[in-house]
Amino acid sequence: MELTGAVHVSPDKEALFGALGDALLGAAVRAVEARGVFHLVLSGGGTPEPFYLRLVTDLRYRGLPWDKTHVWVVDERRVPETDEKSNIKMMREAMLDHAGIPKRQVHAMPVLEDDAAERYQAELIEHVGGSDTDVPVLDWVLLGMGGDCHTASLFPESPALSVTDKWVATNDGDRVVPPARLTMTYPLLNAARELVVVLAGAGKHEALRRVEAQAATGQRDVQEIPISGIDPEPSGGELTWFLDAAAATGGGAGS
């Protein structure tokens, strides 16, 4: 499969989430052993929700060091936390309220504030490190991909794609699915130690084919295929695609 980074294909969603959970557990243990803390970044959407539930119900993940974990959000709609479209609302209900993570270590995006991007960037710097000119290094980032090949809230032909001097940005425009968003930017995402892209179901296959076709050319059209801008290798990081068979082939289990 012609993709940038490593590729892991599982036969179905059950196996996919098992492999993903094992990868997360390993990363968490390594981070705590090396630095005493694990900075975990989560995405919203329908695909990861059952995975989050599994992390707090499956005994194989009881070794996750939640008390030493800080949870961050990849992106968020500019809606109240009580809104059904809120990513942090889903994350709290599925996992965060049940994992035993100290509340001060769950970092929701302050999306209703006028200076939301600046506030979240300052919070990242305070807890992760770095500065306004030295990008913070996160441990493990979970990403998804939409049918238009967007990831995080980095949508095709949207302003945030061109942000190189900020770690968090607001994003809106004709091709940004409403409402307006707050999102981590390429510089912050690409500085992470590990990034994983998780795709499940045949509905993701056509977008994946577009990513593969571009990767085969050796060129990156970030404006039309935003996920192609995810590349942690220059910073020493790793990118892994976790796919079920349906996403990888366009049919079969999980479709």
Side-chain angles (χ1 to χ4, degrees), residues 1-31 40-52 54-55 58 60-61 74-75 137-152 154-156 161 184 186 188-222 224-255:
M1 186 168 286
E2 193 76 37
L3 291 169
T4 300
V7 180
H8 180 98
V9 180
S10 297
D12 52 38
K13 286 184 182 179
E14 182 71 14
L16 173 68
F17 293 149
L20 188 62
D22 292 345
L24 171 58
L25 177 58
V29 170
R30 289 192 300 272
L40 169 64
V41 188
L42 302 179
S43 289
T47 298
E49 185 173 4
F51 173 61
Y52 299 156
R54 181 166 179 171
L55 289 176
D58 191 328
R60 69 196 283 187
Y61 304 120
V74 169
D75 66 321
V137 178
L138 298 159
D139 289 310
W140 203 82
V141 180
L142 176 65
L143 296 172
M145 180 179 69
D148 59 358
C149 298
H150 84 269
T151 193
L154 298 167
F155 287 84
L161 297 177
M184 291 183 171
Y186 287 132
L188 178 61
L189 295 171
N190 287 334
R193 293 182 174 90
E194 295 183 59
L195 291 118
V196 300
V197 179
V198 183
L199 304 179
K204 298 293 185 178
H205 182 65
E206 184 56 37
L208 187 64
R209 283 186 61 194
R210 291 183 63 202
V211 178
E212 283 189 276
Q214 179 175 273
T217 70
Q219 304 297 317
R220 295 185 183 184
D221 183 0
V222 173
E224 284 301 323
I225 304 182
I227 200 166
S228 67
I230 299 298
D231 182 12
E233 185 176 351
S235 298
E238 298 178 1
L239 171 62
T240 305
W241 296 75
F242 282 84
L243 317 171
D244 69 356
T249 66
S255 58

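Each residue takes its place number in the sequence, starting with 1.
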L239/V197 under side chain to side chain contact (heavy atoms under 4.5 Å, CB included): CA gap, chis, key distance, verdict | CA-CA 8 Å; L239 171 62; V197 179; 3.9 Å; yes
Step-by-step side chain to side chain contact (heavy atoms under 4.5 Å, CB included) determination, L20 to F51 | CA-CA 8 Å; L20 188 62; F51 173 61; 3.7 Å; yes
After noting the C-alpha distance and the side-chain angles of I230 and N190, does the key distance pass the side chain to side chain contact (heavy atoms under 4.5 Å, CB included) rule?
-> CA-CA 6 Å; I230 299 298; N190 287 334; 4.0 Å; yes
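T249 OG1 to H205 NE2: the interatomic distance, rounded to the nearest 0.5 Å, is 6.5 Å. Going from atom CG of L142 over to atom CG of L40 covers 8.0 Å, rounded to the nearest 0.5 Å. Distance check, rounded to the nearest 0.5 Å: CG of L42 to CD of E49 gives 12.5 Å. Rounded to the nearest 0.5 Å, atoms CZ (R30) and CD (E194) are 5.0 Å apart. A distance of 9.0 Å separates CD in E212 from CH2 in W241, rounded to the nearest 0.5 Å. How far CE of M184 is from OG of S43: 9.0 Å, rounded to the nearest 0.5 Å.
Applying the salt bridge (Lys or Arg N to Asp or Glu O under 4.0 Å) test to D148 and every residue at least two apart in sequence or in another chain returns nothing.
Between P11 and A15, the shortest heavy-atom distance links the atoms CD-CB, 3.8 Å. Residue C149 comes nearest to P226 through the heavy atom pair O-CD, 3.4 Å, listed as atom of the first residue, atom of the second, then distance. G144 and T151 make their closest contact through O-OG1, 2.7 Å (heavy atoms, listed as atom of the first residue, atom of the second, distance). D221 and Q214 make their closest contact through N-OE1, 2.8 Å (heavy atoms, listed as atom of the first residue, atom of the second, distance). Taking both residues in full, the closest heavy atoms of E14 and R54 are given as O-NH1, 2.9 Å, listed atom of the first, atom of the second, then distance. The minimum heavy-atom distance linking Y61 with F17 is given by the pair OH-O, 3.8 Å.
The number of heavy atoms from other shown groups lying within 6.0 Å of CZ (R60) is above 12. Around atom CD of E233, no more than 12 heavy atoms belonging to other residues, nucleotides or ligands sit under 6.0 Å away.
A donor-acceptor pair is defined here as one N or O able to donate and one able to accept, closer than 3.5 Å; no such pair exists between the side chain of T240 and the backbone of V7. A donor-acceptor pair under 3.5 Å is absent between the side-chain atoms of D244 and the main chain of S10, judged by distance alone. A side-chain donor-acceptor contact under 3.5 Å links K204 to the backbone of M145.
Residues E238 and P232 form no side-chain contact, since every pair of their non-hydrogen atoms from C-beta on lies 4.5 Å or further apart.
When the options V222, L189, I227 are evaluated for a side-chain contact (heavy atoms from CB on, under 4.5 Å) with L154, the one that passes is L189.
Aromatic ring pairs are classed by plane angle as parallel below 30°, tilted from 30° to 60° and perpendicular above 60°; the pair H8 and F242 is tilted.
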